[in-house]
Structure formats: structure tokens, C-alpha cells
Amino acid sequence: MKLSVEISKYPLHQDYIPFIKGFIDRLNEYENLKVITNTLSTQIFGDYDLVMQVLNTEIKRSYEEFGKAIFVCKFLFGDLSPE
């Protein structure tokens, strides 16, 4: 089963760019995910179980490394990535 996720991260920190960039860079390290980033959000496409595992790992890591942040996510069934 495929999943599409749109995610925005809002670190509660004055110097927020490194926190966002680090999160996106880590997402891009997963070979079996398609990651598209724009100025407002990051979109992730892939197998449901893998996407959820990656989000679990990377959101937890973000909290452990950087503290408070808000994540806004939209989950859509299927692979809705642009071709």
C-alpha cells in the first residue's frame, strides 16, 4: 500500500533554518522514499509502512536533538507524486 504525506516543521527556536534543513536532509537519505521539498512543505511518497517508520524515527530524533517543534502533517492514501 502506498502513502503520500505533506509535512511542515515549525521549530520553536529563533534560529530555525538548521533544524528544518537537517530534518529534510535526513528524509532524503532514505533510498526507497520520494521526497519533494518546496518553500512551504515537504512531500513524502512511498510504501505505507516505510513512510510511517521513517516519520516515527525522524520526528522523534528531531525532538531529542532540538527540543520543541510543531509538525503539521497531511496523510493521503496512494502515491500522488507528480510524474
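- Grouping the Ile, Leu, Val, Met, Phe, Trp and Tyr side chains by contacts below 4.5 angstrom, directly or via other members, places Tyr16 apart from Leu40.
- Heavy-atom contacts from other residues, nucleotides or ligands closer than 6.0 Å to CG of Asn38 number more than 12.
- The side chain to side chain donor-acceptor pair (under 3.5 Å) test applied to Lys74 returns Glu6, not counting sequence neighbours.
- Following chains of ILVMFWY side-chain contacts shorter than 4.5 Å, one cannot reach Phe19 starting from Phe71, and the two form parts of different hydrophobic clusters.
- In this structure, the side chain of Ser4 does not engage the main chain of Gln43 through any donor-acceptor pair within 3.5 Å.
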Residues 60-69, side-chain donor-acceptor partners within the protein, below 3.5 Å, at least two apart:
residue : atom : partner : partner atom : Å
Arg61   : NE   : Glu65   : OE2          : 2.9
Ser62   : OG   : Lys9    : NZ           : 3.2
Ser62   : OG   : Arg26   : NH2          : 3.2
Ser62   : OG   : Glu58   : O            : 3.0
Tyr63   : OH   : Ala69   : O            : 3.4

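- Looking only at distances, a side-chain donor or acceptor of Lys34 sits under 3.5 Å from a matching main-chain atom of Pro82.
- Considering only heavy atoms from C-beta on, Phe23 comes within 4.5 Å of Ile7 through its side chain.
- For Tyr48, the OH atom sits in a loose shell: 12 or fewer heavy atoms of surrounding residues, nucleotides or ligands are nearer than 6.0 Å.
- Residues Phe77 and Phe75 share a single hydrophobic cluster, defined by chaining ILVMFWY side chains whose heavy atoms lie under 4.5 Å apart.
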Please determine whether side-chain contact (heavy atoms from CB on, under 4.5 Å) holds for the pair Val54 and Ile44, giving the CA-CA distance in whole Å, both sets of side-chain angles, and the decisive distance to 0.1 Å. CA-CA 10 Å; Val54 167; Ile44 306 163; over 6 Å; no
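- Between the side chain of Ser81 and the backbone N or O of Phe45 there is no donor-acceptor pair closer than 3.5 Å.
- For Asp47, the side chain to side chain contact (heavy atoms under 4.5 Å, CB included) partners two or more places apart in sequence, or in a different chain, are Asp49, Leu50.
- The hydrophobic cluster containing Ile36 does not contain Val72, counting ILVMFWY residues as joined when their side-chain heavy atoms lie under 4.5 angstrom apart, directly or transitively.
- Between Ile20 and Pro11, the closest side-chain pair of non-hydrogen atoms falls below 4.5 Å.
- Hydrophobic cluster membership is shared by Ile17 and Ile24, with clusters built from Ile, Leu, Val, Met, Phe, Trp and Tyr side chains linked at under 4.5 angstrom.
- Using a 4.5 Å heavy-atom threshold, the side chains of Leu27 and Thr37 count as separate.
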